[in-house]
Structure formats: C-alpha cells, structure tokens
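Report on one structure; see the data block that follows.
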Amino acid sequence: MSASLTLRVPNRIEAFAGVTEAVETLGREEDWAPDVAYAVVLALEELATNVVRHGGSEEGASEIEIKVVSTDTEARVEVRDGGKPFDPFRDAPEPDTEAVLEDRKIGGLGVHLVRVLMDEACYRREGGRNHVTMVKRRS
Amino acid sequence: MNVQAEHHDGVLVAKVEGRVDSSNSQDFERQLHEAFGDDAGAVVMDLGQLAYISSAGLRVVLLVAKTLGQRNVGISLCSLSGPVQSVFEISGFNRIIQIHENRTAALAAAGK
C-alpha cells in the first residue's frame, strides 16, 4: 500500500500552514506513528524555511515543490526549488549543542534536527534546481 | 498557539499550548515577553500541552532564556513529552536549561 501527496507552494513562510495540514492528514490516513508525523512535518518546515531565507528569490516570487510518499515501511519526502544552489546538509552551519547558555548561538538548529530526526537526508543539484530527499523509516 | 500565565508564590508559570512554528514564532516571543513582565523572580515554562515546536520556536526559547539569565531570573521547563522532548534533547537544551518531569518538581526546584 502506498499513498502520495504533491504540493506546489509559493516561497512564503505563511504558505506552510497548508502544507502541514495536508501532510498531517496523509499521516493520519496512513496511520503514521506520532514520531514519524512529527519528523516529516518538521523536516518539511525546516527545509522550506531555508529555501525562503537562502534561496535568493524574493518571498512569494518562486515556487517550492513538495512530494511526500508513504509506504508500509517509510515516509519519503522530496523538496525541490529553483533557487541558487544550496546544500543544507553541507552549507548550513553546524550548531554547537554543547555550548553553555551564554555562548549558545541563536539559530542553526533546523538542519541539525532534520539530520537527527530523519533516517536519510541527501541533496543533489539537477536541471538547475535543488533537490532534497529525506526518508523516515516507519519501524 | 497560546501562552497562559499563572503565578505560584513568586514563580511565574507560562503554560504553552498548541504549535509553535516559523509562521507564529514572533507571536510566541511577544506572548512570552508579555507573560514574564519585569518582576518575575523565577519562571517555569509548562510545555505539557505543546504539540509541536520547530527550530523557529526553539530559537525563541533560547532568546528568552538568555534575556532572563542576564536579569538573574531562573528559568526551567517542565512536562515535556514524546517528540517535543526529543527535539529539546537533540538541540542540547537539556544541558543549558533545567528540565523537570512535571510542574510540581519544577515549582519545588524554583522555590528553593
């Protein structure tokens, strides 16, 4: 059994409420465990937020394509955008999660959370677009 | 998302309900600052009804903890569960902010 969802949203932060709702509905229909639904929604939010902030286009001026495929064994997430080349897993700064409160930098946590919460995360540049693929296993 | 403030013997408890993400994190920050005001001796954030938080919301928690730390106001968190608890741990926040199992434990520690 598998089900999928494809969405095209403008690169605006406000557009993601609809994405979250659609993905949560898919997760309910596919009977995802709470940690799977959480990880997928968070991964989409963090990645899409990165595209809006670092993609190089004015907010609302370009589109982000989101595809979520749910099978018995995994939830697979794909995020594509036509912004400037940006590999979040290599180009985003790694936060220092050991630093004391006074020295802790604000931000940089999003990609770190995605790396840990998802089982696979990879990036490729293809046809002038950024492609991020992430997998959360269901067992 | 909603922040509700309650006072318990000089300790301010801010109960956070709902979801905090990039679309409402600025509102979250504003509501926390309003809840804490200028006179709290210690602050507990009760996250038992927090269903979801992403890095945008964690950023606000860190900012607020730093601001309160500069004013020598103690801050702790309580009642985290499930994926929300994992997210705080993965971020290493359990090393910089006291996290208690429940509100009773947080209030006992804050009152000392």
Side-chain angles (χ1 to χ4, degrees), chain A residues 9-21 23-24 27 32-54 59 64 88 92-118 136, chain B residues 1-2 18-29 32-33 42-43 45 47-77 80-99:
Chain A
V9 293
N11 63 332
R12 268 190 295 115
I13 299 289
E14 296 76 27
F16 300 117
V19 174
T20 298
E21 215 173 286
V23 172
E24 291 203 323
W32 289 351
D35 67 310
V36 173
Y38 199 108
V40 170
V41 169
L42 183 133
L44 276 171
E45 185 197 329
E46 302 294 356
L47 263 291
T49 307
N50 256 345
V51 174
V52 174
R53 300 229 168 92
H54 307 294
E59 265 200 67
I64 304 172
E94 185 94 25
D96 182 2
T97 54
E98 305 280 335
V100 297
L101 179 61
E102 292 73 28
D103 301 335
R104 190 62 79 90
K105 299 274 191 302
I106 303 285
L109 279 172
V111 173
H112 176 66
L113 287 171
V114 173
R115 270 199 203 101
V116 177
L117 288 175
M118 300 300 275
K136 178 72 177 172
Chain B
M1 178 268 309
N2 183 40
R19 308 172 59 89
V20 180
D21 60 22
S22 47
S23 72
N24 65 8
S25 62
Q26 284 180 327
D27 189 32
F28 179 50
E29 186 173 353
L32 284 179
H33 281 300
V43 166
M45 285 175 69
L47 304 184
Q49 299 298 315
L50 177 65
Y52 175 89
I53 189 165
S54 61
S55 67
L58 292 168
R59 180 180 176 278
V60 171
V61 174
L62 187 57
L63 271 170
V64 165
K66 282 190 181 215
T67 308
L68 292 174
Q70 282 160 5
R71 282 166 36 196
N72 282 324
V73 176
I75 178 168
S76 63
L77 312 178
L80 287 74
S81 65
V84 167
Q85 184 170 11
S86 307
V87 161
F88 275 88
E89 286 169 4
I90 293 165
S91 308
F93 278 28
N94 49 332
R95 295 195 200 91
I96 49 176
I97 304 172
Q98 286 275 328
I99 299 182

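Values below: all heavy atoms of this structure, side chains included; hydrogens, waters and symmetry mates excluded. In what follows, every chain begins at residue 1, and chains take the letters A, B, ... in the order their sequences are listed.
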Worksheet item: More than 12 foreign heavy atoms under 6.0 Å from CD of Q98(B): is that the case here?
Response: no

Discussion item. For L58(B), which atoms come within 4.5 Å of any heavy atom of chain A: side chain, backbone, both, or neither?
Written reply: side chain

Worksheet, complete the sentence: With chain A, the option among S86(B), G69(B), S91(B), A56(B) that has the most non-hydrogen atom pairs under 4.5 Å is S91(B)

Worksheet item: What residue, out of T20(A), L113(A), V116(A), has the most heavy-atom pairs lying under 4.5 Å from chain B?
Response: L113(A)

Worksheet item: From L47(B) CG over to L80(B) CG, what is the distance, rounded to the nearest 0.5 angstrom?
Response: 4.5 Å

Discussion item. Tell me every residue that passes side chain to side chain contact (heavy atoms under 4.5 Å, CB included) with A99(A), counting only those two or more places apart in sequence or in another chain.
Written reply: D96(A), D103(A), R104(A)

Worksheet item: N24(B), I97(B), I53(B): which one forms the most heavy-atom pairs within less than 4.5 Å of chain A?
Response: I53(B)

Fill in: Qualifying residues under side chain to side chain donor-acceptor pair (under 3.5 Å), relative to E24(A), sequence neighbours excluded
R19(B)

Practice prompt. State the CD1-NZ distance between I75(B) and K66(B), to the nearest 0.5 angstrom.
Written response: 13.0 Å

Worksheet entry | Residue part contacting chain A, namely of V60(B), when any heavy atom lies under 4.5 Å | neither

Item to complete: State, to 0.1 Å, how close I90(B) and T97(A) come at their nearest heavy-atom pair, and which atoms those are.
Response: O-CG2, 3.8 Å

Discussion item. Going by side chain to side chain donor-acceptor pair (under 3.5 Å), name the residues that satisfy it together with S23(B), two or more places apart in sequence or in a different chain.
Written reply: D21(B)

Response to the item:
Residues of residues 34-46 of chain A with a heavy atom under 4.5 Å from any heavy atom of chain B, in residue-number order, are P34(A), D35(A), Y38(A), V41(A), L42(A), E45(A), E46(A)

Discussion item. Would you compute the distance between atom CG of L63(B) and atom CZ of F28(B) and round it to the nearest 0.5 angstrom?
Written reply: 11.0 Å

